[in-house]
Amino acid sequence: MNRRPLVIVAAAAGVLTTAALALPHLPPNPLSESFNASVFKEQGKHFATAADAPARGDAPVRGNRAFALPSWVPKDATDIRVRVRTDGRARLIRFTLGATPLDGPQCATGTPHKVRGPGLNARWWPGDARDGARPECRDHYQYQVAVRGKRVYAWTDGTPSPGGLIPQQSAPVVRASAQR
């Protein structure tokens, strides 16, 4: 019996399994970002300053609107990382505070909804981000925000803010070709 085809299939399966497990944990590069966008439906971007990130009004011009920062992120925030679900509204945000303190989190309008935990994966996201997190409701979507020194971690699963207005446009879908 010829075992050569079986050995080739087993080797190919091993290579594909290794690639599937290793690619999401590699530093950002075109191959891993493309893999994450198509397989895990996630995409991420890094902005040196808040001014580098697209604003809600100019997002179609300066980048995808899914990466626009919420209004409560201070203008002098730095080292901003955003990870989004390419097929919905879930997102992770991490940034470093500048001189302007974070004036929240706040949920003055209505009772905050229950938000699920971060359903996205990022190497820069701490496992204990839920500890001490509070709701932030001053944007279209309700975020959970945790502050660790000068680092701020925020996530949303797309839950509307109580009293917040959801944009009439469809979900901020990210196209795989719009990657960094």
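The residues of the chain are indexed from 1 along the displayed sequence.
- Shortest non-hydrogen contact noted between Tyr153 and Pro126 is CE2-CD, 3.2 Å.
- Using a 4.5 Å heavy-atom threshold, the side chains of Arg134 and Val145 count as separate.
- For Thr78 (side chain) and Thr49 (main-chain N/O), no donor-acceptor pair under 3.5 Å exists by modelled atom type.
- Contact of the Ile93 side chain with the Trp155 side chain is not registered, since no non-hydrogen atoms from C-beta on lie closer than 4.5 Å.
- Heavy-atom minimum distance, Gly98 versus Lys150: O-NZ, 3.1 Å.
- Side-chain contact between Arg138 and Ser161 is absent, with no heavy-atom pair separated by less than 4.5 Å.
- For the atom pair NE2 (His46) and CG (Asp52), the distance works out to 9.0 Å, reported to the nearest 0.5 Å.
- Taking CG of Leu92 as the start and CZ of Arg85 as the end, the distance is 9.0 Å to the nearest 0.5 Å.
- Taking CZ from Arg3 and CD1 from Ile8, the interatomic distance works out to 14.5 Å, rounded to the nearest 0.5 Å.
- Heavy-atom minimum distance, Pro74 versus Leu102: CD-CD1, 4.0 Å.
- Proximity of a side-chain donor or acceptor of Thr96 to a complementary backbone N or O of Arg151 within less than 3.5 Å is not detected.
- Ionic pairing of Arg94 and Asp79 is present here: one or more N-O contacts between side-chain nitrogen and carboxylate oxygen are shorter than 4.0 angstrom.
- No donor-acceptor pair under 3.5 Å is formed between the side chain of Lys45 and the backbone N or O of Arg81.
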Review point. Are Phe47 and Val82 close enough, and set up right, to give a side chain to side chain contact (heavy atoms under 4.5 Å, CB included), and what steps lead you there?
Key: CA-CA 8 Å; Phe47 304 103; Val82 181; 4.2 Å; yes

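- The side-chain heavy atoms of Asp131 and Arg148, taken from C-beta on, include a pair separated by under 4.5 Å.
- Closest heavy-atom contact between Thr100 and Asp76: N-OD2, 2.9 Å.
- Annotation for Tyr141 and Gly158: closest pair CD2-O, 3.5 Å, computed over non-hydrogen atoms.
- Remark: the backbone N or O of Tyr143 is not paired with any side-chain donor or acceptor of Thr156 at under 3.5 angstrom.
- Using a 4.5 Å heavy-atom threshold, the side chains of Arg91 and Pro70 count as touching.
- Although no hydrogens or angles enter the test, the distance criterion places a donor-acceptor pair under 3.5 Å between the side chain of Arg83 and the main chain of Asn121.
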